[in-house]
S.K.: 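Dropping the structure in here first, questions after.
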Amino acid sequence: MAREIRVRFAPSPTGDLHVGNIRTALFDWAYARHTGGKFIFRIEDTDTTRVTDEYIAAALDTLRWLGLDWDEGPEVGGPYGPYLQSQRLDIYADWAQKFLDQGDAYHCYCTSVELEERREAQRAANEAPGYDGQCRDLSPEQVAAFRAEGRDAVVRMRMPDGSTTFVDAIRGEVSFEHKFVPDFVLVRGDGSPLYTLAVAVDDIMMKVSHVLRGEDLLSSTPRQIRVYQAMGVALEDYPIFAHLPFVMGQDNAKLSKRNGEVSIAWYRDAGFLPEAICNYLVLLGWSPGDDRENITMKELTELFTVERVNSSPARFDMKKLEAINGDKIRALTIDEFLTWALPFMIRAQVITGTDEQIALVKSALPIIQERITRLSEVPAMLKFLFATNFAVEADSLSKVTDAASKDVLKRSLAELTPLTQWTHDTIEAALRASLIEELGLKPRIAFGSVRIAVTGSTVSPPLFESMELLGKSASLERISAALAL
RNA sequence: GGCCCCGUCGUCUAGCGGCCUAGGACUCUGGCUUCUCAAGCCAGCUACGAGGGUUCGAAUCCCUUCGGGGCUACCA
């Protein structure tokens with residue numbers, strides 16, 4: 001029987017999770033869900049100088065926010081834990097010792113400074129820089145001499161002659177000559193493990209069946225395979241590798257702050273829905289095969305296969321993300337929309353969050369739903385409903401103070417004041433009859449003046465609905481106030 | 001420099017030898033609709049990096065070349 005599908009997402013939280021990380025996590029998750037396998041979340045925190053608890057906590061939070069639930073990992077546990085590498089140090093130490101005993105690895109006493117000097121010399125001689133094997137076969141006397149000097153030793157893996165060939169599920173057969181893969185360090189001088197050791201040990205110990213990760217790790221794969229060999233892992237128990245193409249920035253190279261933000265936390269604050277982010281990101285390097293582009297998380301789990309993943313890098317396009325986000329916002333029910341929008345209204349200090357305010361926001365959401373592309377636009381669109389010190393925007397001022405506008409406003413005030421029923425229908429009927437039919441004005445001119453007076457801006461949600469929501473007294477007050485400008 | 005990966009509209013992609021005078025989406029442009037802005041609808045612009053092969057036939061297969069990227073750490 002085929003082995004269980006187990007896919008892991010193993011970030012090293014040296015900062016906030018970024019777009020590239022999440023695209024990988026999304027593919028990992030989607031593949032696990034598609035196959036009915038397990039999605040494993042592992043934290044690679046062997047670099048204690050760069051990984052912090054805050055970043056780890058933020059990573060969990062981001063994955064949760066996106067809806068990428070994990071079956072094994074931090075907080076949920078699992079049969080192959082712990083899932084933080086910093087808690088598995090003894091496991092790595094045991095394997096390193098075994099490799100040493102077997103002769104697969106050896107102690108290397110070269111210092112960083114010496115190594116750098118030698119690499120420099122290699123570069124100068126136009127040779128491939130890499131470990132030269134100086135400590136490969138030290139005599140007991142030499143070892144004793146280095147120890148006497150007080151040198152620390154790293155544990156270095158011996159790369160045998162030959163080559164490593166493996167099949168990448170996305171790129172096909174990939175081969176590396178070992179002469180281009182120098183002996184690499186498994187354990188630091190202080191005894192702490194390196195990624196090269198921990199990642200291979202954990203993937204095997206956690207019975208990971210598929211390693212879907214960024215293509216930057218493609219060239220480190222032969223090193224992982226070397227560790228599997230030293231561990232005595234049978235070929236059929238090697239994970240299947242699939243190296244995902246990069247997500248790059250707008251212009252040239254890697255995605256960075258310059259060309260769009262990288263941190264997922266930023267997108268969250270900017271008013272993007274998790275499903276929009278996932279929908280957009282999954283389209284970067286993968287497609288369902290037909291012309292479908294609006295894909296729900298559920299559809300993703302049904303459709304996602306590694307076979308359909310592209311091998312070429314994709315450029316991140318904020319415009320398209322926004323378009324998808326707009327689509328997702330429009331697809332929200334009003335209650336869902338309200339839940340997402342409220343925090344933005346409160347954070348922007350447009351409302352404090354009273355029941356009355358929430359009710360008004362809720363009734364106003366339908367008229368702005370198809371007008372926004374990010375949740376962060378909600379406060380600006382609705383602030384006219386809550387303004388305590390209402391004022392017409394400076395840019396629009398001149399458009400309500402001219403004589404023609406004054407006439408429109410005067411007439412509007414006269415027509416609207418006697419209205420007993422204040423609904424968008426009655427308001428529209430009154431205004432159309434007086435301004436359009438009787439005065440013969442163009443709708444955009446006539447309603448434009450009223451719009452500025454009532455909402456303070458030339459751009460607003462539909463005028464009559466806005467006036468209905470604002471209420472009769474406030475609407476009339478604002479028209480009067482504009483007349484006095 | 002060496003090794004490895006990649007190369008279809010501006011961008012994301014469909015395409016896996018004939019269905020391609022290359023399809024969809026985003027962007028952009030024009031129009032319709034219209035109380036502004038949107039949304040919606042219609043139309044348009046724009047691509048197989050280049051050169052050789054293979055084949056009756058190539059975006060699809062092979063080679064070369066050019067271009068882009070990654071790696072080359074006691075980072076991951």
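Residue numbers begin at 1 in each chain, while the letters A, B, ... track the order of the sequences.
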S.K.: Checking all strands, does A:Ile452 fall into the base, sugar-phosphate, or nothing category for heavy-atom contacts under 4.0 angstrom?
M.R.: nothing
S.K.: By the ring-ring contact (aromatic ring centres under 6.0 Å, His included) test, which pairs, at least two apart or in different chains, include something from residues 272-293 of chain A?
M.R.: A:Tyr267-A:Phe272, A:Tyr280-A:Phe316, A:Trp286-A:Phe304
S.K.: When you match A:Val459 and A:Thr14 each to their closest nucleotide on RNA chain B, which lands nearer the 5' end?
M.R.: A:Val459
S.K.: With a 3.5 Å limit on both atom pairs, tell me what B:G30 is paired to, counting Watson-Crick and G-U wobble, or say none.
M.R.: B:C42
S.K.: Specify the separation, in whole Å, of atom CG of A:Asp190 and atom C1' of B:A73.
M.R.: 15 Å
S.K.: Would you mind reading off the distance between A:Tyr195 atom OH and B:C71 atom P, rounded to a whole angstrom?
M.R.: 12 Å
S.K.: In whole Å, measure the gap between the P atoms of B:A14 and B:G24 for me.
M.R.: 15 Å
S.K.: Mind listing the N/O atom pairs, protein and nucleotides 33-35 of chain B, below 3.5 Å?
M.R.:
unit_1, atom_1, unit_2, atom_2, d
B:C35, OP1, A:Arg432, NH2, 2.6
B:C35, O2', A:Arg451, NH2, 3.1
B:C35, O2, A:Arg451, NH2, 2.5
B:C35, N3, A:Leu463, N, 3.4

S.K.: What's the gap between B:C28 and B:A39 when it is taken at their P atoms, as a whole Å value?
M.R.: 10 Å
S.K.: Could you list, one pair per line, each protein nitrogen or oxygen that sits under 3.5 Å from a nitrogen or oxygen of nucleotides 42-51 of chain B, together with the distance?
M.R.:
none

S.K.: Taking ring pair (Phe, Tyr, Trp, His ring centres under 6.0 Å) as the test, write out the residues that go with A:Tyr31, two or more places apart.
M.R.: A:His210
S.K.: Answer with base, sugar-phosphate or nothing: what part of the nucleic acid does A:Phe180 contact at a heavy-atom distance below 4.0 Å?
M.R.: sugar-phosphate
S.K.: At a heavy-atom distance below 4.0 Å, what parts of residues 40-51 of chain A sit against RNA chain B?
M.R.: A:Glu44, A:Thr46, A:Asp47, A:Arg50
S.K.: On the nucleotide B:U72, are OP1 or OP2 found under 4.0 Å from the side-chain N or O atoms that A:Arg123 carries?
M.R.: no
S.K.: With both distances under 3.5 angstrom, what nucleotide forms a Watson-Crick or G-U wobble pair with B:U72?
M.R.: B:G1
S.K.: With A:Asp290, which residues qualify under salt bridge (Lys or Arg N to Asp or Glu O under 4.0 Å), at least two apart?
M.R.: A:Arg292
S.K.: Rounded to the nearest Å, what distance is computed from the CD atom of residue A:Glu116 to the C1' atom of nucleotide B:U72?
M.R.: 12 Å
S.K.: Report which part of the nucleic acid A:Ser175 touches: base, sugar-phosphate, or nothing (heavy-atom distance under 4.0 Å, all strands).
M.R.: sugar-phosphate
S.K.: In whole Å, what is the span from the CD1 atom of A:Ile295 to the P atom of B:G24?
M.R.: 18 Å
S.K.: With rounding to the closest Å, how many angstrom separate the C1' atoms on B:U65 and B:C12?
M.R.: 28 Å
S.K.: Can you tell me how far C1' in B:A59 sits from the matching atom in B:G51, rounded to whole Å?
M.R.: 16 Å
S.K.: Looking across every strand, which nucleic acid part, if any, lies under 4.0 Å from A:Val185 by heavy atom: base, sugar-phosphate, or nothing?
M.R.: sugar-phosphate
S.K.: I'd like to check the ring pair (Phe, Tyr, Trp, His ring centres under 6.0 Å) partners of A:Phe166; sequence neighbours left out, ordered by chain and number.
M.R.: A:Phe241
S.K.: If you define the side chain from C-beta out and look only at heavy atoms, does anything of A:Leu439 sit under 4.5 Å from A:Ser434?
M.R.: no
S.K.: Could you check how far NZ of A:Lys328 sits from C1' of B:C26, rounded to whole Å?
M.R.: 15 Å
S.K.: Rounded to the Å, how far apart are A:Leu217 CG and B:C75 P?
M.R.: 15 Å
S.K.: Set out, in order, the CA-CA distance, both residues' side-chain angles and the distance that settles side chain to side chain contact (heavy atoms under 4.5 Å, CB included) for A:Phe184 and A:Arg156, then state yes or no.
M.R.: CA-CA 5 Å; A:Phe184 55 96; A:Arg156 203 177 273 279; 5.6 Å; no
S.K.: If the condition is salt bridge (Lys or Arg N to Asp or Glu O under 4.0 Å), which residues does A:Glu114 pass it with, not counting sequence neighbours?
M.R.: A:Arg151
S.K.: A:Arg330 near the nucleic acid: base, sugar-phosphate alone, or nothing, with a heavy-atom cut-off under 4.0 Å?
M.R.: sugar-phosphate
S.K.: By salt bridge (Lys or Arg N to Asp or Glu O under 4.0 Å), which residues pair with A:Asp104, not counting sequence neighbours?
M.R.: A:Arg226
S.K.: With rounding to whole Å, what would you report as the distance between B:C74 and B:G68 at their P atoms?
M.R.: 29 Å
S.K.: Please determine if A:Arg23 forms a cation-pi arrangement with A:Phe27, meaning its NZ or CZ atom is less than 6.0 Å from the six-membered ring centre and no more than 45° off the ring axis.
M.R.: yes
S.K.: Any base atoms under 4.0 Å from A:Gly130, or only sugar-phosphate, or nothing? Heavy atoms, all strands.
M.R.: nothing
S.K.: Using a 4.0 Å cut-off on protein heavy atoms (strictly under), produce a 5'-to-3' string for nucleotides 6-13 of chain B with B for base contact, S for backbone-only sugar-phosphate contact, and - for none.
M.R.: SS---SBS
S.K.: Please lay out, stage by stage, how A:Asn294 and A:Lys328 fare under the test side chain to side chain contact (heavy atoms under 4.5 Å, CB included).
M.R.: CA-CA 9 Å; A:Asn294 190 313; A:Lys328 299 289 185 189; 3.2 Å; yes
S.K.: Which one is paired to B:U60, where only Watson-Crick or G-U wobble pairs with both distances under 3.5 angstrom count?
M.R.: none
S.K.: Nearest to the side chain of A:Ala323 - B:U36, B:G24, B:C26?
M.R.: B:C26
S.K.: Determine the interatomic distance between C1' on B:U33 and the same-named atom on B:A43; round to the nearest Å.
M.R.: 15 Å
S.K.: How far, in whole Å, is B:C71 from B:G40 if one measures between their C1' atoms?
M.R.: 49 Å
S.K.: Suppose we screen for salt bridge (Lys or Arg N to Asp or Glu O under 4.0 Å). Which residues come up paired with A:Asp327, at least two apart in sequence or across chains?
M.R.: A:Arg330
S.K.: Specify the separation, in whole Å, of atom CZ of A:Phe166 and atom P of B:C4.
M.R.: 12 Å
S.K.: Taking the inter-plane angle between the rings of A:Trp70 and A:Phe41 on a 0 to 90° scale, is it parallel (under 30°), tilted (30 to 60°) or perpendicular (over 60°)?
M.R.: perpendicular
S.K.: Do A:Val187 and A:Leu197 pass the side chain to side chain contact (heavy atoms under 4.5 Å, CB included) test, and can you show the C-alpha distance, the side-chain angles, and the key distance before you say yes or no?
M.R.: CA-CA 7 Å; A:Val187 180; A:Leu197 205 215; 4.0 Å; yes
S.K.: Hey, does the side chain of A:Arg151 come within less than 4.0 Å of B:C74's phosphate (OP1/OP2), counting only N and O?
M.R.: no
S.K.: Pick the closest RNA chain B nucleotide for A:Gly189 and for A:Leu218 by heavy atoms, then say which residue is nearer the 5' end.
M.R.: A:Leu218
S.K.: What is the pairing partner of B:A25, taking Watson-Crick or G-U wobble pairs with both distances under 3.5 Å in any strand?
M.R.: B:U11
S.K.: What pairs of residues pass the salt bridge (Lys or Arg N to Asp or Glu O under 4.0 Å) test when at least one of them lies in residues 7-20 of chain A, not counting sequence neighbours?
M.R.: A:Arg8-A:Asp203
S.K.: Classify the side-chain pair A:Tyr83/A:Arg88 by whether it contains a donor and acceptor separated by less than 3.5 Å.
M.R.: no
S.K.: Let me know the distance between CD1 of A:Ile372 and C1' of B:A39, rounded to the nearest Å.
M.R.: 12 Å
S.K.: Could you tell me whether A:Gly289 contacts a base, only the sugar-phosphate backbone, or nothing, with contacts defined as non-hydrogen atoms closer than 4.0 Å?
M.R.: sugar-phosphate
